[in-house]
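Order of appearance sets the numbers: ligands from 1, and atoms from 1 within every ligand.
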Amino acid sequence: MSDPRFSGIGMTSARTRDRLVQRLREQGITNLAVLERIRQVPRHIFVDEALASRAYEDTALPIGFGQTISQPYIVARMTEALLEGGPLTRVLEIGTGCGYQTAVLAPLVERVNTVERIEGLQRRAKERLRELQIRNVRFRLGDGAQGWKTQAPFDGVLASAAPLTIPETLIGQLAIGGRLVMPVGPEGAQQLVRLIRREQGIERRVLGVVAFVPFVAGVSRESERSTP
Ligand code: SAH
């Protein structure tokens, strides 16, 4: 990456990113490929310039349209949980948002099919991923509750918005042996869960307590009303 915007200076420099990776290790992230992606992906280009100096803090930040870029720890944890169990060829991601999670994940799998319901966010995510020369991503504007029928089955499904219950459609689009990682539950009481679809049924494990934006039905083409 030769673009100076990507390498960053000061609070967006390589040393700042190394410190973030060190913190994630201390918090229990062990997958080295995931940690390396967190070190490489310039998170500061996914947030407003005014917030760039805070891009490597381990916190969620506003990205407009009332949405947030996920906390790096959560992105690392979810990516690690999705990869656990073997390589993935076909992944469905719900909630592209600014595209940061997509950028971390895409080079670690064969293809990501990513769905977002807010057009303005999807447009920006496409631009960022193009700038980073990440090419194995297919974008769709739509309601993630429908999954992506023509691309199914998936051996991995990952969502970064929380429905009250996991949509049956998504479980139906999982291949046998496929893994689904997503937050579920009402605001203030969400859990991150990992499902594996087995021949005999669904295996379910709770990974922890989390706080995500809600899963919302339908598509939004409105432009941004207020800046964060
Ligand atoms: N993955 C993003 C996180 C974005 S926040 C990141 O790396 O930062 C969650 C995103 O999920 C928001 O952009 C929101 O618009 C989107 N979302 C919520 N409900 C959705 C649905 N039903 N279908 C598709 N996207 C949805």
- For Ile196, does its backbone N or O pair with a side-chain atom of Arg179 as donor and acceptor, under 3.5 Å?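 No, the answer is negative, given that no donor and acceptor are paired below the 3.5 Å cut-off.
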Salt-bridge test for [X] and [Y]: reply yes if a basic N is under 4.0 Å from a carboxylate O, no otherwise.
X	Y	result
Arg54	Glu57	yes
Arg77	Glu80	yes
Glu131	Arg128	yes
Arg140	Glu116	no

Taking only distance into account, with no hydrogens and no angle test, what donor-acceptor pairs under 3.5 Å do side-chain atoms of residues 161-174 form with protein atoms, sequence neighbours excluded?
from	atom 1	to	atom 2	distance (Å)
Gln173	OE1	Trp148	N	2.8
Gln173	NE2	Gln146	O	3.1

- Task: Can you tell me which residues line ligand 1 if we count any heavy atom under 4.0 angstrom from one of its atoms, in chain and number order?
- Result: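 The 4.0 Å shell around ligand 1 contains Gln67, Thr68, Ile69, Ser70, Ile94, Gly95, Thr96, Gly97, Cys98, Tyr100, Gln101, Val115, Glu116, Arg117, Ile118, Leu121, Gly142, Asp143, Gly144, Ser160, Ala161, Val213, Pro214, Phe215, Val216.
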